[in-house]
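Data first, discussion second: the structure below is written as structure tokens.
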There are 2 protein chains.
Amino acid sequence: MASATVEDYLKHIYLLEQADMDNPVAMGRLATTVGVAPGTATAMIKTLANAHLVDYEPRGGVRLTSTGQQMALHVVRRHRLVELLLVEVLSLDWSLVHHEAEQLEHAISDIVLEKIDALLGYPTVDPHGDPIPTAKGHLKYVQPVSLTDCKPGQQGRIARVSDQDTQFLQFAERHRLTPGMGITIDAYDKYGDAVTVSPKHCDSVTLGTNAASKIFVALSKKS
Amino acid sequence: MASATVEDYLKHIYLLEQADMDNPVAMGRLATTVGVAPGTATAMIKTLANAHLVDYEPRGGVRLTSTGQQMALHVVRRHRLVELLLVEVLSLDWSLVHHEAEQLEHAISDIVLEKIDALLGYPTVDPHGDPIPTAKGHLKYVQPVSLTDCKPGQQGRIARVSDQDTQFLQFAERHRLTPGMGITIDAYDKYGDAVTVSPKHCDSVTLGTNAASKIFVALSKKS
DNA sequence: ATTTTTATTTTGTCTATCCAAAATTCCGGT
DNA sequence: ACCGGAATTTTGGATAGACAAAATAAAAAT
Ligand SMILES: [Mn+2]
Ligand SMILES: [Mn+2]
Ligand SMILES: [Mn+2]
Ligand SMILES: [Mn+2]
């Protein structure tokens, strides 16, 4: 069995690869993400490379092998199903579940995982709108459109909020910017660096493009 | 924060003290229970003694300090609430939950724990009939009567099945010897080493005293 | 009172992670 | 072609846990 430490490395490599168009992950970035000193990451990556879980070119970065990716997806699946369980069954706040799942993802057996999956009705996305890999490691990866890519007048519903920071999530919740919510793009000021949106039946909000880039929407057919 | 390893030591010391009338726990017994070599236990106990979590007399055994006991009870609370969650909410089999809880007990935060407690309706006993400590570490410790102390003709209901072995629990389940079940003691043959009981509306079973001693009943007022 | 047996502690080693700081490599700008 | 700085790797050292086997103390048996 992989240790919690190894599982976290694999998961983070996966997420970083994903977020950067499948380019190999730089050591510095990985170290920061995992929260260790650079040398620590280098040492660990050598171990993972020996176990054929990653491909590693010194100074060229890391990338998962298919075995490594499979393991990473399994961790991601546990993480996201746990998040959903915490929100749906235990009524834990949306903004807190990521932190809790960070531990629980390493303590859930396959048996329990499948029970959770069944109880939740085999869901496909977690509370932040991130897709949940299947037991076989398949993942429907539909990248919705970022708010920064929307034009004024367009409508849709929020599909994903891609930041796990509690503060940010609380902000989003306060302004009803949560997955599923229907919204209208009111204005987009490229030079003023701001996007204004109106969640259905709620007050409109103006976001800096920094924040707006973390919110993704599925646009309605006709704009 | 205490590591999972430390938490397990504290929990097992607590359970062993409990099971042996508050006598100090012998190192050998502790080592076996925790599943490590004797020397490993000795080393760990020295660490725990330094942290004032146990009192330790070389060659005299260990016992928890009140701080240690408080921490142990907190682990036991998590363990038992998780067991109940697994059975009640996730429909996991009675005989498997102990094993699963062994990992999960170290990954549940206080916030999540209280949510579980609330969801289950503030229960007082776990699926095996073991009492659940309160958040403040209080524990109603009602030791019911073992089957081996019952007389033929007596009636009652099963209160506790005190063994975590999956095989034994499956056996118990197969014969309806699970907490809550009403039973009648049919015969007790001290020299033949056997007890025969009838679960309500089910076939009677004959148990060796070894097995019978693990099953506790709350006797009905009138026998 | 010895001797034998058993339980416990010591000692010597290992592995997995981690950090700090020194050494190296590489890349971009001159 | 060369230099400086950023990223990365090496090196040296720490800590938590764990095992095996030798040493010791305590208990039991003779
Ligand atoms: Mn994690
Ligand atoms: Mn999520
Ligand atoms: Mn445990
Ligand atoms: Mn139990």
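Side-chain atoms are counted along with the backbone in the values below, which use heavy atoms only and exclude waters and symmetry mates. Chain letters run A, B, ... following the sequence lines, proteins first, then strands; residues in each count from 1.
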* Asked: Any side-chain N or O of B:Ser3 less than 4.0 Å from the OP1 or OP2 oxygen of D:dG17?
  -> yes
* Write out all pairs satisfying side-chain hydrogen bond (donor to acceptor under 3.5 Å, both in side chains) with one or both partners inside residues 27-41 of chain B, taking only residues at least two apart or from two chains. => none
* Any residue of residues 21-45 of chain A with a heavy atom less than 4.0 Å from an atom of DNA chain D -> A:Ala26, A:Met27, A:Gly28, A:Pro38, A:Gly39, A:Thr42
Please tabulate, for side-chain N and O atoms in residues 52-59 of chain A, each donor-acceptor pair with protein atoms closer than 3.5 Å (sequence neighbours left out).
none

* Can a donor-acceptor pair be found between the side chains of B:Thr178 and B:Glu173 at a distance below 3.5 Å? -> no
* Asked: Using 4.0 Å as the upper bound for N to carboxylate O, is an ion pair formed by A:Glu102 and A:Lys11?
  -> yes
Pair up each side-chain donor or acceptor in residues 77-95 of chain B with any protein partner under 3.5 Å, not counting sequence neighbours, and list the distances.
unit_1, atom_1, unit_2, atom_2, d
B:Arg77, NH1, B:Pro133, O, 2.9
B:Arg77, NH2, B:Glu114, OE1, 3.0
B:Arg77, NH2, B:Glu114, OE2, 3.3
B:Arg77, NH2, B:Asp117, OD2, 3.0
B:Arg78, NE, B:Glu105, O, 2.7
B:Arg78, NH1, B:His74, ND1, 2.8
B:Arg78, NH2, B:Glu7, OE1, 2.9
B:Arg78, NH2, B:Glu7, OE2, 2.7
B:Arg78, NH2, B:Glu105, O, 3.4
B:His79, ND1, B:Glu105, OE1, 2.7
B:His79, NE2, B:Glu83, OE2, 2.8
B:His79, NE2, B:His98, ND1, 3.0
B:Arg80, NH1, B:Pro131, O, 2.7
B:Glu83, OE1, B:His128, ND1, 3.0
B:Glu83, OE2, B:His98, ND1, 3.2
B:Asp93, OD2, B:Ser95, N, 3.0
B:Asp93, OD2, B:Ser95, OG, 2.7
B:Trp94, NE1, B:Pro127, O, 2.7

* Asked: Could you state the NE2-P distance from B:His106 to D:dG17, rounded to the nearest angstrom?
  -> 12 Å
* Asked: Taking everything shown except A:Ile111 itself, do over 12 heavy atoms lie less than 6.0 Å from its CD1?
  -> no
* Quick one: does A:His106's side chain get under 4.5 Å of A:Asp8's, heavy atoms only? -> yes
* Please work out which residues in residues 46-58 of chain A have a non-hydrogen atom less than 4.0 Å from an atom of DNA chain C and list them by number. => none
* **Whether over 12 other heavy atoms sit under 6.0 Å from A:Leu96 CG** => yes
* Asked: Any chance CG of B:Asp22 has more than 12 other-residue heavy atoms, nucleotides or ligands included, within less than 6.0 Å?
  -> yes
* Side-chain donor-acceptor pair present, B:Arg160, B:Gln143, cut-off under 3.5 Å -> yes
* Asked: Earliest and latest nucleotide of DNA chain C, 5' to 3', sitting under 4.0 Å from a non-hydrogen atom of chain A?
  -> C:dT17 to C:dC26
